[in-house]
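Residues: numbered from 1 along the sequence shown. Quick caveat, the model's predicted, so the values are computed rather than measured.
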Amino acid sequence: MSTSFCPCCTSPAIDPVASPAFTHCKLCGHRWRQPLSELSASYYETQTARNNIHTTWFKRKIAERAIFLSSLMEPGILRVLEIGCAEGELGGELKARFPIVYDGLELSQDVEQARVKLDQVYRTSSDQINCYPYDLIVSFHVLEHITSLEYEIKCWSKLLATQGQLVIEVPNQSGHPLMHTDQNQEHLHLFTPASLTILLALQGFICRSLSLDNYESPVYPDSIRVVAQRPLKENQQRALLIERFRSKMDGQFIAYGIGGDFNNYVAPLINDLAIHALIDSSPSKLGQKIGPYLVTSYDPEQHGKLPILICSIKFGSEIKRHLLNIGISPERIIGLESVYEQS
């Protein structure tokens, strides 16, 4: 019995398991081949026509991936890199739909077809690419071929813009619900949802979404797909949140409802917001000092023109009815949820 370390979560793992060719991690469920040595780049460079682009299953795969990636094409997505772009079919589909630069990386001889469809195609390892940053990096069924997962993710991370997104798809364990082990000798890793997300977390990424049962082919109908991103730093989060308040309130405003939601979601930013006054209708709140402000009651003469932010999610509807009943016009009333709601 020998001990090695999981290439995803780094915990000690003991082999053998059901298949003696694989080592199994009991923590994250990842399995990897022993010995862990990938096929040489020269092997992949000799391959050609890795896909039959005329089959129904191939067209199904490309159509589904194009729909999925289209959902990520926000206005800021300008440059895309596909790791393992094959003959460039997916990139060609997306370039026909969006005004983007779509580059690829491909080692096989399919690179020649890809160069006709894409803007630029590298025939090298990812650590040799020097044209970056990319707003979106996508990799479909590549990572299971790679020996050094940590190093590869680091390379992709360097190519990614600060708030760029990383899309990775790999077989879910064997890739088929009726097969225990993937016998494809090119596949060095059998991922689980846990092993893939932990691998990314250790390289500084958070998973924005994860889905299973993504279709690659008849023999790989079950794939894990994640969308990952580097998290914002605390100062970046704060700056973006303050900007949300400023864009929504457009100048000085009244903060109404000095309770738990105010304390949680407004008070931490109080010194950076254009608050004119803190207002509450409860006598128990009046006179409290919060930051540079004293909580007071509403005064139409002092507060009659400023917008009012209802600082409560739970009781927002009741507060809005109260404000309308005392004669405040609806256009002056803004709910806290409109600041925090993700579009």
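Judged purely by atom type and a 3.5 angstrom limit, D280 uses its side chain to pair as donor or acceptor with the backbone of S282. Between the side chain of D135 and the main chain of R79, a donor-acceptor pair closer than 3.5 Å is present. For the pair K289 (side chain) and G291 (backbone), a donor-acceptor distance under 3.5 Å is present. Side-chain atoms of E106 do not come within 3.5 Å of backbone N or O of A114 as any donor-acceptor pair. Remark: side-chain polar atoms of Y340 are paired, donor with acceptor, to backbone N or O of Y265 under 3.5 angstrom. The backbone N or O of E87 sits nowhere less than 3.5 Å from a side-chain atom of R115 that would complete a donor-acceptor pair. Judged by distance alone, the side chain of R244 and the main-chain N or O of V339 form a donor-acceptor pair under 3.5 Å. Between the side chain of D222 and the backbone N or O of D213, at least one donor-acceptor pair lies under 3.5 Å. Between the side chain of S247 and the backbone N or O of E243, at least one donor-acceptor pair lies under 3.5 Å. Under a 3.5 Å cut-off, the side chain of T181 and the backbone N or O of Q183 do not form any donor-acceptor pair.
Comment: K95 engages D119 in a salt bridge, judged by a side-chain N to carboxylate O separation of less than 4.0 angstrom. Taking a cutoff of 4.0 Å between a charged side-chain nitrogen and a carboxylate oxygen, E64 and R60 do not qualify as a salt bridge. The residues R65 and E169 are annotated as salt-bridged, a charged nitrogen and a carboxylate oxygen being separated by less than 4.0 angstrom.
The closest side-chain heavy-atom distance from P221 to P177 is below 4.5 Å. Two residues are said to be in side-chain contact when any heavy atoms from C-beta on lie closer than 4.5 Å; N51 and F58 meet this criterion. Counting heavy atoms from C-beta on, the side chains of Q165 and L160 never come closer than 4.5 Å. Taking 4.5 Å as the limit, every side-chain heavy atom of D261 sits out of range of all side-chain heavy atoms of N263. Looking at P307 and D250, their side chains never come closer than 4.5 Å, going by heavy atoms from C-beta outward. Taking the side chain as every heavy atom from C-beta outward, I53 and I62 never approach each other to under 4.5 Å. For the pair F245 and L273, the minimum side-chain heavy-atom distance is below 4.5 Å. Side-chain contact between K248 and I334 is present, with heavy atoms from C-beta onward closer than 4.5 Å.
Note that CD1 of I67 is 6.5 Å distant from CZ of R97, once rounded to the nearest 0.5 Å. Between the CG atom of L199 and the CD atom of E150 there is a distance of 8.0 Å, given to the nearest 0.5 Å. The distance from atom CD1 of I310 to atom CD1 of I254, rounded to the nearest 0.5 Å, is 12.0 Å. The CD atom of Q203 lies 10.5 Å from the SG atom of C155; values are rounded to the nearest 0.5 Å. Taking CG from L269 and CZ from R246, the interatomic distance works out to 10.0 Å, rounded to the nearest 0.5 Å. Of the inter-residue distances, the one linking L232 atom CG with T162 atom OG1 reads 9.5 Å to the nearest 0.5 angstrom.
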With side chain to side chain contact (heavy atoms under 4.5 Å, CB included) as the test, would you mind laying out the steps for L309 and L336 before giving the verdict? CA-CA 6 Å; L309 177 68; L336 184 62; 4.3 Å; yes
Stepwise, does the side chain to side chain contact (heavy atoms under 4.5 Å, CB included) test hold for I137 with V167? CA-CA 6 Å; I137 295 178; V167 175; over 6 Å; no
Assess whether side chain to side chain contact (heavy atoms under 4.5 Å, CB included) is satisfied between L94 and V80, documenting all intermediate values. CA-CA 10 Å; L94 289 166; V80 181; 5.8 Å; no
Stepwise, does the side chain to side chain contact (heavy atoms under 4.5 Å, CB included) test hold for L81 with V138? CA-CA 6 Å; L81 173 66; V138 300; over 6 Å; no
Hey, mind stepping through R31 and D182 against salt bridge (Lys or Arg N to Asp or Glu O under 4.0 Å) and telling me if it holds? CA-CA 10 Å; R31 284 185 283 165; D182 185 357; over 6 Å; no
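Smallest separation of non-hydrogen atoms from T197 and C207: CG2-SG, 3.4 Å. The two atoms that bring L118 and C85 nearest to each other are CD1-SG, 4.0 Å, heavy atoms only. Of all non-hydrogen atoms in L324 and P330, the two that sit nearest each other are CD2-CG, 3.8 Å. In terms of heavy-atom proximity, Q229 sits nearest to G164 at CG-O, 3.3 Å. Minimum heavy-atom separation, E216 to S223: CB-OG, 4.1 Å. Of all heavy-atom pairs spanning L149 and C8, the tightest one is CD1-SG, 3.8 Å.
Legend: ring-ring contact (aromatic ring centres under 6.0 Å, His included) pairs involving residues 188-227, not counting sequence neighbours, sorted by first then second residue: H30-H189, H30-F191, H187-Y220, H189-F191. Judged as a ring-ring contact (aromatic ring centres under 6.0 Å, His included), not a single pair has a partner in residues 86-140 (not counting sequence neighbours).
Neither L69 nor L159 shares a network with the other; the hydrophobic side chains, linked directly or stepwise wherever heavy atoms of I, L, V, M, F, W or Y lie under 4.5 Å apart, form separate groups for each. The hydrophobic clustering, which links ILVMFWY residues whose side-chain heavy atoms are closer than 4.5 Å, places I83 and L200 together. Linking Ile, Leu, Val, Met, Phe, Trp and Tyr whenever their side-chain heavy atoms come within less than 4.5 Å puts L105 and L166 in one cluster. Grouping the Ile, Leu, Val, Met, Phe, Trp and Tyr side chains by contacts below 4.5 angstrom, directly or via other members, places F68 apart from V226. L78 and L136 fall into different hydrophobic clusters, where Ile, Leu, Val, Met, Phe, Trp and Tyr side chains are chained together by heavy-atom contacts under 4.5 Å.
Each of E112, E89, E93 was compared with K117 under the salt bridge (charged side-chain N to carboxylate O under 4.0 Å, His left out) criterion, and only E89 meets it. Each of S317, S312, C311 was compared with F315 under the side-chain contact (heavy atoms from CB on, under 4.5 Å) criterion, and only S312 meets it.
Checked by atom type, the side-chain pair S126/E152 shows a donor-acceptor distance below 3.5 Å. For the residue pair S211 / N214, a side-chain donor-acceptor distance below 3.5 Å is found, with atom types taken as modelled. A side-chain N or O of R230 and one of S157 form a donor-acceptor pair less than 3.5 Å apart.
Judged as a salt bridge (Lys or Arg N to Asp or Glu O under 4.0 Å), and not counting sequence neighbours, R123 has no contacts.
For an aromatic pair to be called close, the ring centres must be under 6.0 Å apart, and Y256 with Y298 fails this.
By the neighbour-count criterion of 12 heavy atoms within 6.0 Å, atom CD of E234 is sparsely surrounded, having that number or fewer from other residues, nucleotides or ligands.
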